[in-house]
Amino acid sequence: MKERLEKLIAAAARDLFSIDTSTKLTRPDENFGDYATNVALQIAPQLEKTPREIADQLQLKLTETLAEYCNNITIAGPGFINIKLKDSALWDQAKAEFARTASGQKIVIEYSDPNPFKILHAGHLYTSVVGDAVANLLDSTGAAVHRVNFSGDVGLHVAKTIWAILFYESDGKLDSDIAWQKVQSLADKPLEEKSNWLSGYYIKGNAAYVDDQNKAKDSINDFNQKIYKIFEVNDHNSSLAQIYWTCRGWSYGYFDKFYERIGSHFEKYYPESGTIELGLKTVREHIGDVFKESDGAVVFNGEDHGLHTRVFITSQGLPTYETKDIGLLIEKWQDYHFNRSIVITANEQAQYMAVVLKAIEQFAPELAKASQHITHGSIRLQGNVKMGSRLGNIIRATEVLDSVNEANTALNGKKDDRVVLGAVKYAFLKQRLGGDIIFDPAESVSLEGNSGPYLQYAYVRAASMLSKTESDTLPADNLQADERKLLLKIGEFQEVQGRAVNELLPHHVCTYLYELAQTFNQFYEGNRVIGNDREAIRVQLVRCYARTLKTGLELLGIPVIDKM
RNA sequence: GCGCCUGUAGCUCAGCUGGAUAGAGCGUUGGUUUCCGGUACCAAAGGCCGCAGGUUCAAAUCCUGCCAGGCGCACCA
């Protein structure tokens with residue numbers, strides 16, 4: 001509807017003044033109209049007329065050409081043209097489906113990216129929720145969306161953890177047989193406990209590495225190579241390898257359980273270990289033309305492109321994250337032949353990723369061009385304090401869910417995981433991507449006001465009403481003011497979804513859904529539906545509203561509830 | 001030091017492809033229930049939109065400088 005009107009207005013301007021405009025319609029204050037355009041103000045200078053004169057001429061013309069959709073076109077202020085839609089146009093708009101703008105396209109979206117052997121913290125919860133919402137948005141455009149997950153199953157953090165297990169379980173002797181016995185003895189423990197056990201050793205290993213206790217640094221670097229070696233020779237038998245594979249399995253098992261709890265689903269996991277060979281091969285092939293050797297390492301000279309210079313292969317001959325990311329992108333390409341590849345991470349990776357993509361651009365420009373990196377802020381504690389495992393103030397992902405569960409149970413006397421998820425996801429998504437999120441376990445996730453449960457409750461009300469009626473008549477004209485206001489708001493959804501997709505910003509959907517639910521709650525207060533003599537029309541309206549709210553909540557990955 | 005991001009009400013944030021009186025939630029104060037589910041609704045108080053210039057008929061929005069905070073800058077991920 002909006003695009004149609006914009007085209008008609010552009011056509012009118014062309015007819016009247018032989019001028020091309022690219023003016024967009026906006027949603028003005030409800031007192032002015034349903035749509036507004038400032039086209040008269042914009043073209044006035046070049047036509048050397050007053051905006052008011054132009055607006056007058058346009059008003060006459062548009063009253064004619066927009067007659068099918070609009071019944072009132074007025075001029076206000078310095079020359080704004082305000083348009084009021086017919087009720088029938090409002091109904092059409094409210095019932096429209098999403099435009100399938102990316103139908104036939106393949107999109108690979110990678111997000112969440114947890115590290116085995118390390119803690120799954122609040123930041124992982126946040127990035128997962130964001131990724132789900134962005135993927136859902138893309139899905140709504142008709143594209144085939146493939147959700148994948150990249151996880152660091154090799155690398156220094158793994159060496160730190162394994163080293164610490166060996167060191168502390170065998171009294172500093174680094175005896176893998178003794179450590180393996182310990183690992184086996186934990187077999188029957190719950191996944192959560194195993195995961196905590198591992199992340200505890202990561203913290204110890206990291207501390208030892210940083211402080212270089214007991215010459216730990218060299219020793220850990222040595223273990224790093226040993227772990228890469230496990231993959232090189234496909235070792236599943238040595239006690240070190242058994243410790244590695246067993247603990248790795250615990251981590252992945254724990255991730256699966258977590259994703260199930262929050263409703264995330266990945267089509268494929270790409271472990272870093274699987275990207276090494278392809279990454280190394282690719283980088284080595286391009287030593288000379290893209291990469292160069294420097295101090296025994298292989299680097300990409302980002303400074304030539306206004307970026308940082310980064311190491312791709314260390315002087316030990318090991319691939320860094322950079323090289324793994326190259327292998328990963330090529331592997332994704334081989335798997336999917338995507339039109340678009342999107343990676344979501346925290347802000348701190350932004351400039352790093354720019355270097356990797358610039359390097360790829362040198363030898364595979366089409367891959368780099370199809371790739372997009374979007375980033376978000378991190379979770380910070382009250383008082384703008386950063387979380388960090390070494391600071392001992394990490395909030396586990398499950399702690400966030402548990403604390404909200406506690407608050408919700410206290411509020412209404414019973415536990416409901418759907419409401420907890422609604423509250424947490426909405427709290428994270430309602431903020432524009434990019435900035436940090438200040439998280440206070442006690443207060444940040446609200447259950448009232450602008451919150452997930454508010455939306456869920458606003459749906460419950462409508463669902464409850466609809467269960468009490470059989471009414472199924474067609475919509476009618478001559479809407480009353482409150483009815484019209486609600487229908488107008490419902491009709492805004494397509495525009496909001498379009499904008500959220502274009503900008504890959506889910507918070508637009510949150511903002512809109514909250515306004516929509518607010519409009520509905522206001523309508524609900526003042527207008528009886530069931531048993532009213534306008535029941536037929538109002539039931540149609542409520543159906544339309546409920547459908548819109550449900551679709552919106554689904555885009556955000558928030559559970560839709562009939563009764564709560 | 002260089003680069004990127006951020007600065008809007010007491011707090012947490014929308015608004016930033018320039019437009020009409022700068023919005024919401026929480027918190028504070030005061031109201032609303034014979035009636036479809038009160039996790040609701042209504043109202044009040046609360047703003048040099050970080051500061052200073054510039055562009056424009058029009059700037060929270062665009063440009064420049066400064067101040068404050070965050071992130072990144074070679075063998076971690």
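The chains referred to below are lettered A, B, ... by the order of the sequence lines, with proteins before strands, and numbering in each begins at 1.
- Using a 4.0 Å heavy-atom criterion, one finds that A/G435 contacts no nucleic acid atom at all.
- Here A/F32 counts as stacked on B/A20: its ring centre is under 5.5 angstrom from the base ring centre and the planes meet at under 30°.
- A distance of about 10 Å separates the P atoms of B/U8 and B/A14, rounded to the whole Å.
- A/Y252 and A/Y269 have their aromatic ring centers within a separation under 6.0 angstrom.
- Heavy atoms of A/Q456 sit nowhere under 4.0 angstrom from any nucleic acid atom.
- Of the N and O atoms on the side chains of A/T314 and A/Q316, not one donor lies less than 3.5 Å from an acceptor on the other residue.
- B/A58 atom C1' lies 11 Å from atom CD of A/Q42, rounded to whole Å.
- Across all strands shown, A/D295 has heavy atoms under 4.0 Å from base atoms, whether or not it also approaches the sugar-phosphate.
- With P as the reference atom, B/C41 and B/A24 are 13 Å apart, rounded to whole Å.
- When distances run from any side-chain atom of A/V311 to the nucleotides B/G37, B/C75, B/A40, the shortest one goes to B/C75.
- For A/H286 and A/F300, the ring centers sit 6.0 Å or farther from each other.
- In this structure, A/F117 has its ring center no closer than 6.0 Å to that of A/Y202.
- In this model, no donor atom of one side chain and acceptor atom of the other lie less than 3.5 Å apart for A/Q42 and A/T21.
- Checking side-chain atoms of A/R52 against main-chain N and O of A/G77 turns up a donor-acceptor pair under 3.5 Å.
- Side-chain to base pairing of A/D436 with B/G70: no donor and acceptor N or O lie closer than 3.5 Å to each other.
- With B/A77, B/A24, B/G38 as the candidates, the nucleotide lying closest to the side chain of A/N450 is B/A24.
- Residue contacts shown for A/S464 include a base, since a base heavy atom lies under 4.0 Å away.
- Within the 4.0 angstrom heavy-atom criterion, no nucleotide atom of any strand lies near A/A354.
- No N or O donor and acceptor, one from the side chain of A/E348 and one from the base of B/G72, sit under 3.5 Å apart.
- Within the shown strands, nothing qualifies as a pairing partner of B/U34 under the Watson-Crick or G-U definition with both distances less than 3.5 Å.
- Atom name P, nucleotides B/C63 and B/G27: the rounded distance is 38 Å, in whole Å.
- Among the atoms of the strands shown, none is found under 4.0 Å from any heavy atom of A/F312.
- Taking atom C1' in both B/U6 and B/G15, the straight-line distance is 16 Å, to the nearest Å.
- The separation of B/C11 from B/G53, taken at their P atoms, amounts to 26 Å, rounded to a whole angstrom.
- The partner of B/G10, taking Watson-Crick or G-U wobble pairs whose two distances both stay under 3.5 Å, is B/C26.
- Contact annotation for A/L41: base contact, defined as any heavy-atom pair under 4.0 Å involving a base atom.
- Relative to the side chain of A/A297, the nucleotides B/C36, B/C75, B/G25 differ in distance, and B/C75 lies closest.
- If you check every strand for non-hydrogen atoms under 4.0 Å, A/Y454 touches sugar and phosphate atoms only.
- Using a 4.0 Å heavy-atom distance criterion, A/S294 is classed as a base contact.
- The partner of B/A45 cannot be assigned: no Watson-Crick or G-U wobble pair with both contacts below 3.5 Å exists in any strand.
- Within the structure, every side-chain polar atom (N or O) of A/Q431 is placed at least 4.0 Å from both OP1 and OP2 of B/U12.
- No close placement of the A/Y545 and A/F523 rings is indicated, their centers lying 6.0 Å or farther apart.
- Taking atom P in both B/G18 and B/A59, one finds a spacing of 13 Å when rounded to whole Å.
- Side chain of A/Y457, nearest nucleotide from B/A20, B/A77, B/G37: B/G37.
- In this pair, A/F80 lays its aromatic ring flat on the base of B/A20, centres within 5.5 Å and planes under 30 degrees apart.
- Atom pair A/R432:CZ and B/G25:P shows a separation of 21 Å (rounding to whole Å applied).
- Nucleotides B/C48 and B/A60, compared at atom C1', are 13 Å apart to the nearest Å.
- Checked by distance alone, A/N82 brings a side-chain donor or acceptor within 3.5 Å of a matching partner on the base of B/A20.
- The side chain of A/R499 sits closest to B/U17 out of B/U17, B/A77, B/C41.
- Whole-Å rounding puts the A/E272 CD to B/C76 P distance at 13 Å.
- Atom P of B/C67 sits at a distance of 45 Å from the matching atom of B/A40, rounded to the whole Å.
- With a 3.5 Å ceiling on both atom-pair distances, B/U17 lacks any Watson-Crick or G-U wobble partner.
- Taking the side chain of A/T314 as heavy atoms from C-beta on, and the options B/A14, B/U39, B/C75, the nearest nucleotide is B/C75.
- Base-pair partner of B/C2: B/G72 (Watson-Crick or G-U wobble, both distances under 3.5 Å).
- Set against B/C36, B/C4, B/U39, the side chain of A/L411 has B/U39 as its closest nucleotide.
- A/E483 contributes no side-chain N or O that, together with a main-chain N or O of A/R538, makes up a donor-acceptor pair within less than 3.5 Å.
- Using a 4.0 Å heavy-atom distance criterion, A/P78 is classed as making no nucleic acid contact.
- For A/M353 and B/C76, the CE to C1' distance is 15 Å, given to the nearest whole Å.
- Using a 4.0 Å heavy-atom cutoff across all strands shown, A/H376 reaches no nucleic acid atom at all.
- When each of A/K160 and A/R461 is assigned the nucleotide of RNA chain B bearing its nearest heavy atom, the one mapping closer to the 5' terminus is A/R461.
- The closest donor-acceptor contact from the side chain of A/N347 to the backbone of A/G434 lies under 3.5 Å.
- If you measure from atom CG of A/L433 to atom P of B/U6, you get 12 Å, rounded to the nearest angstrom.
- Of all nucleotides present, none satisfies the Watson-Crick or G-U wobble test against B/A58 with each distance under 3.5 Å.
- The residue from A/W163, A/F231, A/F223 that alone fulfils the ring pair (Phe, Tyr, Trp, His ring centres under 6.0 Å) condition with A/Y244 is A/F231.
- The interatomic distance linking A/Q518 (CD) with B/C41 (C1') rounds to 10 Å, in whole Å.
- Using a 4.0 Å heavy-atom criterion, one finds that A/L447 contacts the bases of the nucleic acid, with or without backbone contacts as well.
- Between B/G19, B/G72, B/G37, one nucleotide has an atom nearer to the side chain of A/M564 than all others, and that is B/G37.
- We find that CG of A/N224 is positioned 8 Å from P of B/C76, with the value rounded to whole Å.
- When the nearest nucleotides of RNA chain B are assigned to A/H157 and A/G77 by heavy-atom distance, the more 5′-ward of the two goes with A/G77.
- Across all strands, A/D113 comes closer than 4.0 Å to no nucleic acid atom at all (heavy-atom distances).
- Using Watson-Crick or G-U wobble geometry with both donor-acceptor distances under 3.5 Å, B/U64 finds its partner in B/A52.
- When rounded to the nearest whole Å, the span between CG of A/N527 and P of B/C41 equals 14 Å.
- Nucleic acid contact for A/K324: sugar-phosphate only, since backbone atoms but no base atoms lie under 4.0 Å from a heavy atom of the residue.
- Closest approach to the A/E448 side chain among B/A74, B/A40, B/A24 is made by B/A40 (side chain taken as heavy atoms from C-beta onward).
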